[in-house]
Chemist: 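Supplied in C-alpha cells, the structure appears directly below.
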Amino acid sequence: MKTINVHTSSPYNIIIQRGSLDKSGELISSALKSKKAVIITDDIVNNLYAKRLVKSLADYDINADVFAFPHGEQSKNLDTLSDIYDFLCEKNITRSDFLIALGGGVVGDITGFAAATYLRGIDFVQIPTTLLAQVDSSVGGKTAVDIKGGKNLVGAFKQPALVICDSDILQSLPRCELACGMAEVIKYGMIRDRNLFELLEKHNLSTVDEAMDEIVYTCIDIKRDVVEHDEFDKGERMILNFGHTLGHAIEGWHNYTDYSHGMGVSAGMCMITRKLCSAELSERLEKCVASYELPTGTEAPVSELLPYCSKDKKCESGNINYIICPEVGKAEIRRVSVSEFKKLMEGQN
Ligand code: GLY
C-alpha cells in the first residue's frame, strides 16, 4: 500500500493499493468517525462495484444508502444535483455524516459539489473507478456541475477527506476509457516528468497495465505537488490545463457526446505543440498519443473552436491562458488576448 499525504487547507490521504475497494470500510473508519453515509454513483458502476463497497462498509458498522444516476456527462447538471439533495434529506444525512463518490470524473465532480454545498458542507470520500479520475479529477478538490453556458461553470473547491485508488478496478475499464485516462497521464509526463514520458514511450495501450501502479503513483504525486503550491488555481496549477483550452473547445464542438475529454486533451496537446514547438517534439508527442489510440488533431475547424475557447474558465477579461511545453517535462503558462490566440491558431487543424 502506498499513501500520499496532501497538504492543502484541509489535509487528506490518498491510498493507492490493488484490492483497496474491499478494504474501504477499514480505511474510511480510520479517517472518519461517522457511521452513516450515502454512496453516489452511476448506473454502470452501481452494478459493478456498489455491493462490494456497501459490504466492506457494513463490516465496519457503516450504514450506507446508494444513490445512482444515469452515466455520462449529460447527468452532471443541476437536475441531478437537486435529486441528490432530496435523497440526502430523505435519508436524514446530517453535517456529521458523509458522502462517497464511487465512479469516474462525473460522479466525483457532482458528489464533491453536493458535499461542498449540502448543509454548507459535509465530508466526502473519493473512490475513483476510472484512470482519469484516479490520476486527475479525484485529487485536488475541484468540484462542479455543467450548465447550459458550458462545462464545469458552477462549482467549488472542496477537498475530499480521503481518496482510495484501487488499480485492479482499471483492468475492467473499456479500452476507450483507459485511453482517455492515458491522455492525462501523457500530459503529466509532458508538463513535469521526463522519466514518466520515457516510460510511456516504452509501452502502448495493450501493455501499459504492467506499469500502471508506478504510473498512477507518479501522476498523483505530481498533482499533489502542483495543488499544494496553488490549491485555488491562481497560478502554477494552470499547467495542469496543458491541452485543455483547445480540448474543452473540441469537446464542446462535439456537444460533449461522441468525443471524450481525453480525446480532446490529446488533440489539444498535439495542436498547440505543432503550432508553437519544435517539429521534433511535436512528432515525439504525436507518436506517443497515437500508441495509446488517441487523436493528434480534430476535424473541427479552428475558427469554430475559438468561440468555445473564449467561454472557457481559463479565459479572463478577454485574455486566454494557455500552456505550452517547450521540452518534455517542462511547462510554461502564456497569456494572450483572444484575438492574438486566434491569430496564433489560424490555419491549424
Ligand atoms: N484538472 C485540473 C486541475 O485539477 O486543476
Side-chain angles (χ1 to χ4, degrees), residues 4 6-12 14 73 76 101 103-113 115-116 124 126 128 130-146 150-160 163 165 177 180-193 196 215-216 218-252 256 260-269 272 309 312-316 320-325 331-335:
I4 293 180
V6 187
H7 299 281
T8 39
S9 50
S10 152
Y12 57 100
I14 300 168
E73 187 72 33
K76 205 176 94 179
V106 168
V107 169
D109 281 4
I110 198 166
T111 307
F113 190 59
F124 83 115
Q126 289 269 19
T130 63
L131 178 60
L132 187 139
Q134 290 195 357
V135 298
D136 182 30
S137 54
S138 67
V139 178
K142 280 192 183 173
T143 73
V145 293
D146 305 336
K151 216 176 142 172
N152 295 332
L153 291 190
V154 175
F157 287 97
K158 166 83 179 167
Q159 300 298 337
V163 183
C165 291
E177 258 312 330
C180 182
M182 287 310 299
E184 296 285 352
V185 171
I186 294 167
K187 176 198 79 179
Y188 283 114
M190 284 294 289
I191 62 169
R192 260 299 171 85
D193 192 329
L196 172 63
I215 288 172
V216 169
T218 306
C219 293
I220 293 178
D221 203 43
I222 295 171
K223 180 136 189 193
R224 173 204 58 73
D225 186 55
V226 173
V227 168
E228 282 180 355
H229 283 98
D230 179 22
E231 180 176 352
F232 298 106
D233 208 13
K234 301 283 185 210
E236 184 189 343
R237 186 163 177 168
M238 284 185 224
I239 65 170
L240 297 173
N241 289 328
F242 177 48
H244 284 59
T245 304
L246 287 165
H248 282 156
I250 298 168
E251 281 182 86
Y256 303 104
S260 71
H261 178 66
M263 288 164 73
V265 169
S266 172
M269 292 190 294
I272 204 96
C309 294
D312 198 276
K313 290 189 300 320
K314 292 175 281 305
C315 189
E316 291 164 356
I320 282 186
N321 296 311
Y322 68 91
I323 315 304
I324 66 154
C325 294
E332 287 173 9
I333 302 168
R334 300 263 169 96
R335 187 179 170 86

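Counting convention: from 1, in listed order, for ligands and their atoms alike.
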Chemist: Quick check on side-chain contact (heavy atoms from CB on, under 4.5 Å): which of Ile4, Val6, Ile14 does Val163 satisfy it with?
Modeler: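 Result: among Ile4, Val6, Ile14, Ile14 is the only option passing the side-chain contact (heavy atoms from CB on, under 4.5 Å) with Val163.
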
Chemist: Are the side chains of Asp225 and Arg192 in contact, using a 4.5 Å heavy-atom criterion?
Modeler: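 Answer yes - side chains close enough.
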
Chemist: Identify all N/O pairs between ligand 1 and the protein with a separation under 3.5 Å and present them as a table of atom names and distances.
Modeler:
from: ligand 1; atom 1: 1 (N); to: Asp136; atom 2: OD1; distance (Å): 3.0
from: ligand 1; atom 1: 1 (N); to: Asp136; atom 2: OD2; distance (Å): 3.3
from: ligand 1; atom 1: 4 (O); to: Lys223; atom 2: NZ; distance (Å): 2.6
from: ligand 1; atom 1: 4 (O); to: Arg237; atom 2: NH2; distance (Å): 2.8
from: ligand 1; atom 1: 5 (O); to: Lys142; atom 2: NZ; distance (Å): 2.8
from: ligand 1; atom 1: 5 (O); to: Arg237; atom 2: NE; distance (Å): 2.7
from: ligand 1; atom 1: 5 (O); to: Arg237; atom 2: NH2; distance (Å): 3.4

Chemist: Applying salt bridge (charged side-chain N to carboxylate O under 4.0 Å, His left out), name anything that partners Asp146, two or more places apart in sequence or on another chain.
Modeler: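 Lys76.
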
Chemist: For Glu184 and His244, does a side-chain donor sit closer than 3.5 Å to a side-chain acceptor?
Modeler: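 Short answer, yes.
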
Chemist: Donor-acceptor check, side chain of Asp230 to backbone of Glu236, threshold 3.5 angstrom: yes or no?
Modeler: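 A pair under 3.5 Å: yes.
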
Chemist: side-chain contact (heavy atoms from CB on, under 4.5 Å) with Lys223: which of Val226, Val227, Asp221?
Modeler: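 Among Val226, Val227, Asp221, the one that satisfies the side-chain contact (heavy atoms from CB on, under 4.5 Å) with Lys223 is Val227.
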
